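To keep things clear, I will list the structure first and then write my remarks on it.
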Amino acid sequence: MIRSTHLPLMVTLATFVLAYALCASQYPAMLSTRVVANLLTDNAFLGIVAVGMTFVILSGGIDLSVGSVIAFTGVFLAVILRDTSIHPLAAFALVLALTTGFGAAMGATIHYLEMPPFIVTLAGMFLARGAAYVLSTESVPITHAFYDTLQDIFWKAPGGGRFRLIGGLMLLTFIAGALVAHRTRFGQNVYALGGGAQTARLMGVPLASTTVGIYAISGGLAGLAGITFSLYTSAGYSLATVGVELDAIAAVVIGGTLLSGGYGFVAGTFFGILIMGLIQTYIVFDGTLSSWWTKIVIGALLFAFILLQKGLTWATTTRRKRATGSAQPS
Amino acid sequence: MSASTPSLLKRITPQLMILAVVLGLNLLVFPDFLDVSFRNGRIFGNLVDVFNRGAPVALLCIGMTLVIATRGIDLSVGAVMAIAGATAASLVTEGHGWGTALIGALATGALCGLWNGLLVAVLRIQPIVATLVLMVAGRGIAQLITEGTILTFNNEGLIRLGAGTVLGIPTPIVLWLGLGTLATLAVRRTALGMLIEAIGVNEASSRLAGINSRVLLICVYLASGLCAALAGVIVAADIKGADANNAGLWLELDAILAVVIGGNSLLGGRFSIVASLLGALIIQSVNSVILLSGMPPEFNLVIKALLILAILVIQSPKIGHLIYMLRASGPESLPERQRPSTTPREDAP
Amino acid sequence: MRHRRKMTDQPPLLHASGISKFFPGAVALDEVELKLYAGEVHALLGENGAGKSTLIKCLTGAYRRDGGVIRLAGAEVDPRSTAEAQGLGIGTVYQEVNLLPNLTVAENLFLGHEPTRFGLVDRRAMTREARAVLEGYGLHIDPGEPLTSFSVAVQQVVAIARAVALSGRVLILDEPTASLDRDEVELLFGVIRQLKEGGLAIVFITHFLDQVFEISDRATVLRNGRVVGERLLAEVSRHDIITLMLGRQLEARVAERKGGAPGELLLQVNDLAKRGMIEPFSLNLHRGEVVGLAGLLGSGRTETANLLFGAVQADQGRILLKGREARITSPREAIAHRFALCPEDRKSQGIVGDLSVRDNILLALQARQGWMRPIPRSKVNEIAEHYVKALDIRLASLDMPIRLLSGGNQQKALLARWLATEPEVFILDEPTRGIDVGAHAEIIALIEKLRENGMALLVASSELEELVAYSTRVVVLRDRRQLRELTGAEITAENIVHAIADEQQGAA
Amino acid sequence: ADLTVGFSQIGSESGWRAAETTVTRQEAEKRGIDLKFADAQQKQENQIKAIRGFIAQGVDAILLAPVVATGWDEVLEEAADAEIPVVLLDRTVDASDELYLTAVTSDLVHEGRVAGQWLAEEMAGQPCRIVELQGTTGSSPAIDRKKGFEEGIAGAEGLEIVRSQTGDFTRSQGKVVMESFLKAEGGENICALYAHNDDMAVGAIQAIKEAGLKPGEDIRIVAIDAVPDAHLAIANGEMNATIELTPNMAGPALDALEAYLADGTMPAKWIQTESKLYTAADDNQAVYEEKKGLGY
Ligand SMILES: Nc1ncnc2c1ncn2[C@@H]1O[C@H](COP(=O)(O)OP(=O)(O)OP(=O)(O)O)[C@@H](O)[C@H]1O
Ligand SMILES: Nc1ncnc2c1ncn2[C@@H]1O[C@H](COP(=O)(O)OP(=O)(O)OP(=O)(O)O)[C@@H](O)[C@H]1O
Ligand SMILES: [Mg+2]
Ligand SMILES: [Mg+2]
């Protein structure tokens with residue numbers, strides 16, 4: 001059943017399909033499996049972190065620390081795998097616990113000290129990147145055999161596209177994220193928080209555990225994205241993924257989630273990620289844009305998407321309002 | 001509406017205290033910190049540097065305070081700085097005078113602000129997204145103007161704006177103090193401040209009460225654009241060149257931080273420009289501690305993060321409340337029953 | 001009767017004693033005692049700001065109380081959050097609708113106790129059950145739609161249904177009927193009676209004394225945060241209760257006939273309309289006239305008011321002001337033409353919560369003067385203090401944020417805001433919603449006085465008695481259409497009801 | 001048909017980088033090569049995306065100016081798989097050298113060493129308190145140029161780095177940090193400044209002037225890159241030395257590529273560009289005029 005509430009999702013999906021068709025009509029090579037596989041592989045870490053960001057934004061918050069947490073995770077893994085003989089899986093568990101705890105701590109600060117998320121996570125952003133610097137300023141390669149094993153897992157599609165493990169991991173994260181958001185009590189509480197914290201409190205939503213949980217998820221997924229990124233680059237680098245939080249926010253917003261909280265879908269974020277990836281692929285295929293025009297075009301496309309979404313939503317909601325104008329008790 | 005002096009003083013006490021503590025830290029790592037001498041026709045010293053180097057963020061946070069008071073945010077100010085600097089530089093290298101360059105830069109800043117304002121007030125796009133567009137594209141526009149190079153210039157008039165002095169005081173200090181005073185007077189001696197606060201708290205109510213919220217919102221973003229443009233000119237003049245790639249990079253975050261350290265709520269409403277300016281000084285003092293301490297640069301961010309975290313935690317309403325409670329239960333405490341037991345936020349229906 | 005006395009012999013189901021609550025500069029509750037018995041409806045009465053809502057919030061963990069003990073079925077309990085209170089079987093409808101606009105009706109209804117299957121929320125079952133529950137309240141709506149697609153009344157019913165579902169032992173209703181129509185009130189009372197039979201203890205807060213006497217067994221009366229009495233309602237009169245609440249007699253006002261001839265013609269509205277919202281609407285308004293807008297919920301009264309004030313833009317029709325065409329496309333322009341509108345939804349459209357009471361009162365006047373000409377401080381204080389006194393607004397200080405005032409006092413402050421602009425055409429949308437009996441009488445008197453001074457008023461209200469009391473003419477609306485006009489002696493509650501009902505029959 | 005070459009550039013974070021882009025475009029044009037340009041905005045992930053995009057497009061060769069040394073194995077393997085030769089510009093990578101055709105780079109450590117040795121010679125045994133303006137923390141030029149400089153002055157008695165802080169490779173940070181150095185140490189106690197790039201040095205020169213000292217005389221200044229403004233400063237006597245990092249990496253790279261594609265000539269694995277030292281002895285004014293048009 002398609003409901004009016006699913007509208008933004010439909011809009012995003014339609015936008016993506018339309019944009020892809022346009023790109024493909026100009027560069028037929030964009031239809032190759034390589035491009036499809038690249039969209040998944042290259043955006044895997046961004047997708048994973050955007051799932052966490054979706055939760056945060058649905059609750060009306062924001063998490064600026066994720067880019068730094070990804071960098072920290074990479075450096076941490078690289079350093080620990082270089083300096084100790086610990087198995088990567090154990091290191092993964094350790095770093096996930098660390099980043100989840102970091103997120104939870106930020107959530108607790110936000111809730112108990114009543115500080116705005118923007119600022120708390122901004123401090124978190126400085127802190128995580130600072131910690132990465134302290135661990136190592138140089139980029140540290142990861143040479144563990146287990147990494148090679150993981151990296152060699154891929155399915156080579158006809159046409160040369162390689163569907164890699166991390167792309168699959170992203171898809172799994174999205175599925176899990178969607179389940180948690182739409183089919184659990186915690187997910188309902190997240191939406192409730194986004195609808196209005198005070199009202200949610202009066203309705204009996206446990207604000208503390210929900211807030212802490214949301215930021216813990218975001219932190220944990222940033223950790224997972226960090227692991228993904230380290231698999232992607234086989235290295236840890238403290239200057240990596242600067243500004244990724246803004247990319248993630250943009251993807252979430254393009255995916256139809258309202259920054260003010262309460263409205264949106266995890267699946268929408270998936271298409272938001274794909275749209276952003278598509279923009280970049282298109283620019284590479286074009287190959288004539290100078291550095292500055294690249295920035296301007298990205299900004300302009302971002303604006304175009306927002307405008308398109310705004311227009312479609314506006315057009316359909318005014319119609320809907322008229323249609324259901326008189327829902328009266330009988 | 002127009003805050004009287006004692007209430008203003010009460011409002012900015014926490015910021016003053018924190019500033020004093022951070023300056024104290026500076027003194028700790030560098031005992032001659034407070035020395036001010038007169039050299040080369042200008043006052044000279046670390047304290048002067050704090051005021052001078054704090055100028056860009058201070059200028060930005062004047063506009064940012066107003067934007068945040070309307071429950072908005074302006075992420076584009078860093079990019080606008082770059083655009084304005086590039087405009088000024090390209091105008092003087094084309095042979096125009098510094099006055100034209102300044103006006104040109106301010107006009108571009110105003111244009112950027114107008115663009116943001118239209119997106120927010122007319123198209124009703126959420127501020128953070130609306131200004132993200134210009135944040136992403138703006139630096140590209142600036143580079144388009146300079147063609148990716150650092151556009152250097154020798155126009156004495158323009159350089160004086162960034163590196164010159166007025167009566168021995170570096171021009172940037174004069175500019176931000178002047179503009180800060182002007183802005184404070186403009187919002188507090190007129191009804192502007194209250195009207196801005198009103199649309200920040202409840203725009204629907206304000207519109208029904210007859211406030212032209214659309215125009216006011218546009219004006220606020222316009223002001224932010226102008227402040228950013230001025231900051232951009234100063235930064236360019238300071239290094240005698242427009243560095244489109246780096247001018248104002250990530251400075252929007254510092255400006256927002258300054259506003260929050262100034263005790264203003266990101267949810268809009270009551271605001272104080274003076275407190276924000278103190279916030280900018282606090283941030284610059286933190287930077288100064290880092291520079292003077294001589295620690296290796298890889299610790300810069302950790303130190304900054306921890307100091308800022310400490311400042312914010314101290315300022316958090318919850319902690320303030322706790323301190324109030326502790327003091328209340330001290331020897332000369334109020335009678336048991338008069339203790340407030342909820343912070344205002346909890347009491348919102 | 002004997003039945004009830006016997007009940008009192010049992011220990012109370014919920015016994016709160018010595019409940020105190022202090023706010024900076026105010027004692028909201030002072031050692032309040034409340035006894036609730038199983039199977040009774042207990043009315044909590046008091047003037048605006050007496051502390052009723054605060055007491056409820058303290059009992060249900062929304063506020064931390066500063067003192068006092070709560071016993072539930074003999075055992076001491078201390079709910080620290082509303083979730084805990086719900087866990088104890090206390091379901092609450094707080095004042096103003098407290099539901100989440102971004103969720104669907106079903107989600108609102110089941111938030112926190114969603115039906116699950118294999119650990120996952122079972123959305124299908126949720127929608128199904130929600131539909132069944134709401135049908136029990138006479139609501140035949142699609143629970144999968146967002147809450148905001150429905151009117152305030154529907155939302156209020158959803159809130160009640162939610163509280164009922166959560167209340168195993170105690171149900172608390174804080175002004176649930178403020179935005180309900182008579183029919184829905186009847187439905188609600190039916191539900192309350194059923195629950196009472198089932199042994200629930202029910203707290204009912206309202207300013208409608210008729211409803212109090214209709215449904216409640218007992219009443220506790222608060223004044224200035226203290227309990228001034230507990231009465232069996234069967235044993236007291238309406239008059240006694242009012243005297244107890246106000247601490248003084250309410251002079252019975254002589255219902256003087258508002259005969260005074262209307263003054264010059266001020267406003268002519270010709271076929272003003274907006275598609276999908278309101279059908280063409282015409283009206284002549286003279287000085288010294290009060291035109292009442294009557295109708296059922298959703299009949300379009302609020303829309304008419306908003307249209308006139310320019311808060312929504314008309315797509316057809318003209319407005320003539322003193323014979324000259326006036327273009328009104330925004331509240332600003334309306335205010336410039338000396339219009340004023342006191343909106344229905346004071347929380348989201350009226351108050352500016354974080355600003356001080358003083359700023360709130362002066363807001364419209366200042367906005368009209370323009371930002372360049374600030375009103376001098378002394379004048380500001382003079383105006384604010386004048387209205388605080390004239391309207392008897394209860395506050396700790398003019399500097400306190402207006403959101404901290406009780407609901408009724410917020411309403412008065414809003415009236416003050418518009419009176420300060422000295423309007424010629426004053427549109428009031430539900431001016432007495434949530435206002436206590438004393439203030440109610442005062443506001444009616446105020447409307448009367450404004451009319452006598454030559455103001456033209458347009459008042460939309462769901463309270464027929466009130467409309468009858470002050471209107472010189474009544475326009476009846478239905479289905480967003482102007483039906484007919486009643487004048488002079490025609491204006492009685494029965495006639496209005498008939499006007500609506502007749503047409504309904506005609507239409508059916 | 002014509003050759004299509006993809007060029008994954010780091011970004012446009014500095015004047016030098018812009019010049020490299022300009023020169024690369026010029027060199028490609030000269031040879032009639034269709035250059036596909038992708039700006040990665042300082043992000044490695046964008047560079048990887050760009051390379052994958054080039055592969056999907058089926059370009060004939062790829063030029064890569066890697067933002068960081070690590071993390072290229074996987075994508076380079078994919079390129080090798082698709083039989084697209086990759087040439088690295090201005091930095092090598094930590095990957096098997098079978099994965100790329102050749103690397104055209106300068107030696108960052110060597111540059112630092114030249115700077116250090118120059119200063120050691122200049123001081124001729126006198127003690128010297130040096131302040132250092134580092135590049136962006138964590139970037140490989142910052143790390144290597146620091147290392148090289150320390151090696152360069154290691155033998156010299158009395159040469160000592162007393163303060164070292166990052167100036168983020170930018171003029172304005174260079175100026176700000178230099179100001180704090182001047183105050184923290186006292187201008188008269190600083191004998192030399194070593195900056196990891198010329199932009200920071202140019203900013204620092206202004207700070208020194210504002211403090212009432214003479215850059216180039218009171219404080220010796222050596223930096224790296226040899227951007228036009230540095231030549232100008234040397235010509236004006238405000239700076240003492242700079243080491244050239246040529247923006248023309250693409251010329252040798254494209255030569256090697258063309259040779260390889262024509263008849264399979266394997267170039268050397270490392271084509272090192274010259275790190276030429278410029279001092280007041282050179283005709284800096286002339287070099288300045290020459291370089292001005294390159295888009296620095
Ligand atoms: N957070 C607060 N700070 C200060 N005073 C408060 C606060 N909350 C409520 N009050 C005051 O407490 C008193 C009781 O308010 P309450 O809302 O309980 O009244 P009420 O009886 O429900 O009135 P109404 O009938 O208008 O709803 C009021 O005078 C109000 O101004
Ligand atoms: N923007 C809108 N567009 C279309 N219909 C609307 C809009 N706003 C409200 N409505 C519908 O118009 C109807 C009339 O609204 P409303 O209930 O406010 O009328 P009313 O007569 O003022 O009733 P009351 O004041 O008693 O609630 C409602 O059914 C509502 O759903
Ligand atoms: Mg109440
Ligand atoms: Mg209404």
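Hydrogens, waters and symmetry mates are skipped; everything else that's a heavy atom, side chains included, is used. Chain letters run A, B, ... following the sequence lines, proteins first, then strands; residues in each count from 1. If you're wondering where the values come from, they're calculated on a predicted model, not measured in any experiment.
To the nearest 0.5 Å, atom CZ of residue Arg129(A) and atom CD of residue Glu298(B) are 15.0 Å apart. A distance of 5.0 Å separates CG in Leu257(B) from CD1 in Ile119(A), rounded to the nearest 0.5 Å.
When heavy atoms are compared at a cutoff of 4.5 Å, Leu119(B) approaches chain A solely by way of its side chain, counted from C-beta outward. When heavy atoms are compared at a cutoff of 4.5 Å, Val133(B) approaches chain A by way of both its backbone and its side chain. The contact between Ile62(A) and chain B is made entirely by side chain atoms (from C-beta outward), counting heavy-atom distances below 4.5 Å. Using a 4.5 Å cut-off between heavy atoms, Ser260(A) contacts chain B through both its backbone and its side chain. For a residue to count as touching a neighbouring chain, one of its non-hydrogen atoms must lie under 4.5 Å from one of that chain's; by this rule Val253(A) touches chain B with the side chain only. Neither the backbone nor the side chain of Val252(A) comes within contact range of chain B, judged by heavy atoms closer than 4.5 Å. Contacts of Leu122(A) with chain B are made by side-chain atoms alone, with heavy-atom separations under 4.5 Å and no backbone atom involved.
Of all heavy-atom pairs spanning Trp292(A) and Gly148(B), the tightest one is CZ3-CA, 3.5 Å. Nearest heavy atoms, Ala305(B) versus Ala123(A): CB-O, 3.8 Å. When all heavy atoms of Leu306(B) and Leu127(A) are compared, the closest pair comes out as CD2-CD1, 3.7 Å. Between Leu266(B) and Pro116(A), the shortest heavy-atom contact is CD1-CB, 3.8 Å. Closest non-hydrogen pair, Ala250(A) versus Leu132(B), comes out as CB-CD2, 4.2 Å. The two residues Lys304(B) and Phe126(A) come nearest to each other via the heavy atoms CE-CE1, 4.2 Å.
At distances below 3.5 Å, not a single donor-acceptor pair connects side-chain atoms of Gln143(B) with backbone N or O atoms of Ser291(A). The closest donor-acceptor contact from the side chain of Gln126(B) to the backbone of Leu259(A) lies under 3.5 Å.
Ranked by heavy-atom pairs under 4.5 Å with chain B, the list Tyr112(A), Phe118(A), Trp293(A) is led by Phe118(A). Ranking Leu144(B), Asn300(B), Ile73(B) against chain A, the residue ahead of the rest is Leu144(B), based on heavy-atom pairs under 4.5 Å. The candidate from Val302(B), Leu309(B), Ile261(B), Ile308(B) with the greatest count of non-hydrogen atom pairs under 4.5 Å with chain A is Val302(B).
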Would Trp250(B) and Val242(A) satisfy side-chain contact (heavy atoms from CB on, under 4.5 Å), going step by step from the backbone distance to the final call?
CA-CA 11 Å; Trp250(B) 302 119; Val242(A) 173; 3.7 Å; yes
